[in-house]
Q: 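Please read through the structure below; I'll follow up with questions.
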Amino acid sequence: MVAVRLLDELGRLTADRSTRLLDVTVIGEEPHRPYNRLLLSEVIADRADLGRLTLPTATDSSGMTVRVLRGVTATDVDRDRCVVRCDDGSEHPYDTVVLATGAAARRPLTDSDERAGQVRVLRTIDDCRELLAACSYPRRVTVVGGGLLGLEIACGLASRGADVHVLHRGGHVLDRQLPASAADIARAALAAAGVQVVTDAELHRLQHDGDRITAVRLRDGREIPTDVVVASVGVAPRTELARAAGLPVRAGVVVTDELRSPGDPQVAAIGDCAEPQSGCSGLLAPGWAQADLLARQLAGCAVSDVPASSAGTGQVVKLKAVGVDVVAIGDGPEPPAEARTVTLSDPAHRRHVQVSVLGDRVVAACCVGAKRVAADLTAAYERRTPLPDDPAVLLLDGLPNSVVPLTGDPTTMPAATTVCRCNGVTKKDIVDAHVAGARDLVAVSARTRATTGCGGCREVVCGLLEWMDDVNPTKDVPQPKHSRNDPGNIHSVASSLIDKEISR
Ligand SMILES: Cc1cc2nc3c(=O)[nH]c(=O)nc-3n(C[C@H](O)[C@H](O)[C@H](O)COP(=O)(O)OP(=O)(O)OC[C@H]3O[C@@H](n4cnc5c(N)ncnc54)[C@H](O)[C@@H]3O)c2cc1C
């Protein structure tokens with residue numbers, strides 16, 4: 001996903017041909033067209049189609065030539081000859097080689113159990129297909145790992161009728177994001193969504209009958225009957241090329257603030273595989289910031305002073321899970337000691353809101369079962385909006401000038417409303433794109449980048465396009481029908497914003 005962003009940004013920067021002409025070769029081991037990996041958990045939840053994940057490609061590549069090799073693995077970076085070698089025997093000379101090799105899902109039990117290979121993961125389209133096939137009729141599923149992705153998988157499979165347990169090593173789920181009090185309420189919401197959580201659970205081994213998994217056994221002796229085991233226990237940056245090339249590697253490929261290897265400035269690394277000074281994030285926003293910075297360097301443009309490694313470290317995280325609304329803002333689960341923290345805990349309604357303020361600014365928050373308040377607090381945090389004198393009023397109603405429109409009419413939606421938070425795209429940007437001739441979702445996405453992150457704004461963008469088709473019709477061309485996953489109309493715009501303006 002980060003390589004796609006790099007290409008897109010290069011396309012934009014080189015379009016006027018005043019920059020360097022670039023000759024780019026993209027080597028990708030997956031056979032598929034570039035796709036939005038974030039939406040795989042939405043596919044599991046049956047809220048997105050596998051066929052709709054393809055990312056728009058660069059709008060303009062007139063300033064560069066691009067050759068894309070799919071289904072080809074780079075096996076070796078020969079730094080003496082400045083050549084990348086691939087498993088199909090091809091060799092590709094370079095001035096700069098960009099490692100954007102991402103990360104691989106970690107697997108538990110790799111050495112201790114011969115059936116460890118039967119444990120499924122979710123990282124690629126192929127993993128997603130296999131997982132859905134394995135759970136194709138209601139089954140008992142055990143998800144190992146109660147972090148964000150583990151819970152998304154668990155809720156998605158439960159919504160498809162599976163009987164799901166989540167095993168979590170820590171004392172409560174989402175322990176990197178939520179304090180225990182909020183996690184208890186999230187746990188109740190998970191149970192209502194059909195997901196049972198088992199905490200302090202260390203996976204020991206799989207029980208089986210022939211080739212069939214029958215249960216998981218925990219280190220403390222507990223046993224949970226199951227047919228399918230899915231692991232979501234983190235990712236490992238794919239560093240094999242850099243390591244083999246003798247470049248510095250810690251958890252990820254070590255890079256400077258300029259995203260170059262300290263061992264060789266002709267090698268850059270971005271995205272999940274890279275380890276800048278701030279560490280590996282495993283999130284998309286920092287990878288995109290790195291891609292943008294590297295694109296400027298490669299195109300020979302002036303580069304801002306802000307190191308990409310410190311940009312967009314993603315301090316707002318949202319659980320994209322069916323039936324369980326969780327948003328966490330700030331650094332870690334505990335509120336900052338120096339802040340004033342107010343809390344609303346309402347277990348009967350599976351609702352918990354905690355806001356920490358310093359002066360009149362939000363510095364941390366967590367919201368369970370409170371979408372509207374979460375959307376407002378996210379906006380207040382990101383835009384550094386001044387808060388009312390008494391922060392307690394935020395707990396129930398959010399901001400006095402809520403970012404969430406009260407009516408579903410796009411006419412009254414302020415032009416500055418953020419429609420796609422991942423890319424900072426506003427209603428005005430969508431309207432301008434439509435006026436400039438982008439009449440369908442693909443064209444608008446390619447132009448504005450809306451929908452290319454968490455994809456949660458798709459519904460809103462389609463609603464705005466339908467509205468614009470009415471107010472700004474094209475005379476001769478029949479109006480396109482804007483495809484979305486769920487049918488709907490412009491009146492679903494507001495409720496979609498409540499749901500989806502925020503994302504991790
Ligand atoms: C289900 C799911 C949901 C997620 N949700 C979120 C979310 O809500 N928010 C968020 O911020 N992040 C999320 N993430 C993480 C996000 O997807 C990653 O941060 C992002 O994909 C990183 O992009 P990347 O380009 O660095 O790596 P990738 O997208 O993994 O791309 C790397 C590509 O390089 C290929 N490759 C590796 N080695 C080689 C080689 N030697 N030769 C050729 N090709 C190679 C890989 O096959 C892969 O196609 C999610 C991830 C998953 C799996």
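Atom set for the values below is all heavy atoms of this structure, side chains included, hydrogens, waters and symmetry mates excluded. One-based numbering, in listed order, for ligands and for the atoms of each.
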Q: For ligand 1, indicate whether the residue A100 contacts it via side chain, backbone, both or neither (heavy-atom separation under 4.0 Å).
A: backbone
Q: Go through the side-chain N and O atoms of D184 and H352 and say whether any donor and acceptor fall under 3.5 Å apart.
A: no
Q: Can you sort out the partners of R85 under side chain to side chain donor-acceptor pair (under 3.5 Å), two or more places apart, ordered by chain and number?
A: D76, D78
Q: Would V233 and R107 count as a side-chain contact (heavy atoms from CB on, under 4.5 Å) if you check the C-alpha gap in whole Å, the side-chain angles of each, and the deciding distance to 0.1 Å?
A: CA-CA 7 Å; V233 292; R107 288 173 179 274; over 6 Å; no
Q: Counting each atom of ligand 1 from 1 as listed, which ones have a heavy atom of L241 under 4.0 Å away?
A: 41 (N)
Q: Using 4.0 Å as the upper bound for N to carboxylate O, is an ion pair formed by D163 and R140?
A: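 A salt bridge is absent here (no side-chain N lies under 4.0 Å from a carboxylate O).
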Q: If you measure every N/O of M1 against every N/O of ligand 1, is any gap under 3.5 Å?
A: yes
Q: For ligand 1, note which part of R37 has a heavy atom under 4.0 Å away: side chain, backbone, both or neither.
A: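 It is both backbone and side chain that touch ligand 1.
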Q: Below 4.0 angstrom from a heavy atom of I27, which ligand 1 atoms are there? Numbered from 1 as shown, please.
A: 43 (C), 44 (N)
Q: Go through it in stages, so that I can follow the logic: the residues are R123 and D272, the test is salt bridge (Lys or Arg N to Asp or Glu O under 4.0 Å), and I'd like the CA-CA distance, side-chain angles, deciding distance and then a yes or no.
A: CA-CA 12 Å; R123 179 73 192 182; D272 280 6; 3.0 Å; yes
Q: Quick one: which of R458, R37, R47 gives a salt bridge (charged side-chain N to carboxylate O under 4.0 Å, His left out) with E42?
A: R47
Q: Check each atom of ligand 1 against the heavy atoms of V72 and keep those under 4.0 Å away; list them by number with element.
A: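 The list of qualifying atoms is 43 (C).
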Q: Would you mind telling me if ligand 1 is within reach of the side chain of K320, the backbone, both or neither, using heavy atoms under 4.0 Å?
A: side chain
Q: Contact between ligand 1 and S41 is defined here as a heavy atom of the residue under 4.0 Å from a ligand atom; is it met?
A: yes
Q: With nothing but distance in play, are any N or O atoms of A74 less than 3.5 Å from an N or O of ligand 1?
A: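 N/O-N/O distance under 3.5 Å: yes.
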Q: May I ask you to decide whether R120 forms a salt bridge with D127, counting only side-chain N to carboxylate O separations under 4.0 Å?
A: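 So R120 does not pair with D127 through a salt bridge.
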Q: For ligand 1, which atoms, with element, lie under 4.0 Å from some heavy atom of G271?
A: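 That gives atoms 26 (O) of ligand 1.
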Q: Show me which atoms of ligand 1 lie under 4.0 Å from any heavy atom of T73.
A: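 Near T73, the atoms of ligand 1 are 40 (C), 41 (N), 42 (N), 43 (C).
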Q: Give a yes or no on whether a salt bridge exists between R238 and E29, defined as a side-chain N under 4.0 angstrom from a carboxylate O.
A: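 E29 and R238: salt-bridged.
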Q: Could you tell me, atom by atom, which parts of ligand 1 come under 4.0 Å of a heavy atom of L149?
A: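 Close to L149: 1 (C), 2 (C), 3 (C).
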Q: Applying side-chain hydrogen bond (donor to acceptor under 3.5 Å, both in side chains), run through D126 and T124 and close with a yes or a no.
A: CA-CA 5 Å; D126 296 340; T124 65; 5.0 Å; no
Q: Closest by any non-hydrogen atom to atom 38 (N) of ligand 1: pick that one out of E152, R238, R123.
A: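 Residue with the shortest heavy-atom distance to the ligand atom: R238.
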Q: Would you indicate which of I125, L284, D272 comes nearest to atom 18 (C) of ligand 1 when only heavy atoms are counted?
A: D272
Q: T451: what forms a side chain to side chain donor-acceptor pair (under 3.5 Å) with it, not counting sequence neighbours?
A: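 If we apply the side chain to side chain donor-acceptor pair (under 3.5 Å) test to T451, skipping adjacent residues, the hits are S445.
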Q: Looking only at distances, can you tell me whether any N or O atom of L40, backbone or side chain, sits closer than 3.5 Å to an N or O atom of ligand 1?
A: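 Between L40 and ligand 1 (N or O atoms, distance only) the closest approach is not under 3.5 Å.
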Q: Pick one: which of D429, N423, D8 meets side-chain hydrogen bond (donor to acceptor under 3.5 Å, both in side chains) with R449?
A: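 The side-chain hydrogen bond (donor to acceptor under 3.5 Å, both in side chains) with R449 is passed solely by D8 among D429, N423, D8.
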Q: Which of the numbered atoms in ligand 1 are under 4.0 angstrom from any heavy atom belonging to E30?
A: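 Under 4.0 Å from E30, ligand 1 has these atoms: 47 (O), 48 (C), 49 (O).
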Q: Which of the atoms in ligand 1, numbered in the order shown and given with their element, are less than 4.0 Å from a heavy-atom of G282?
A: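 Listed by number with element, the hits are 15 (C), 19 (O).
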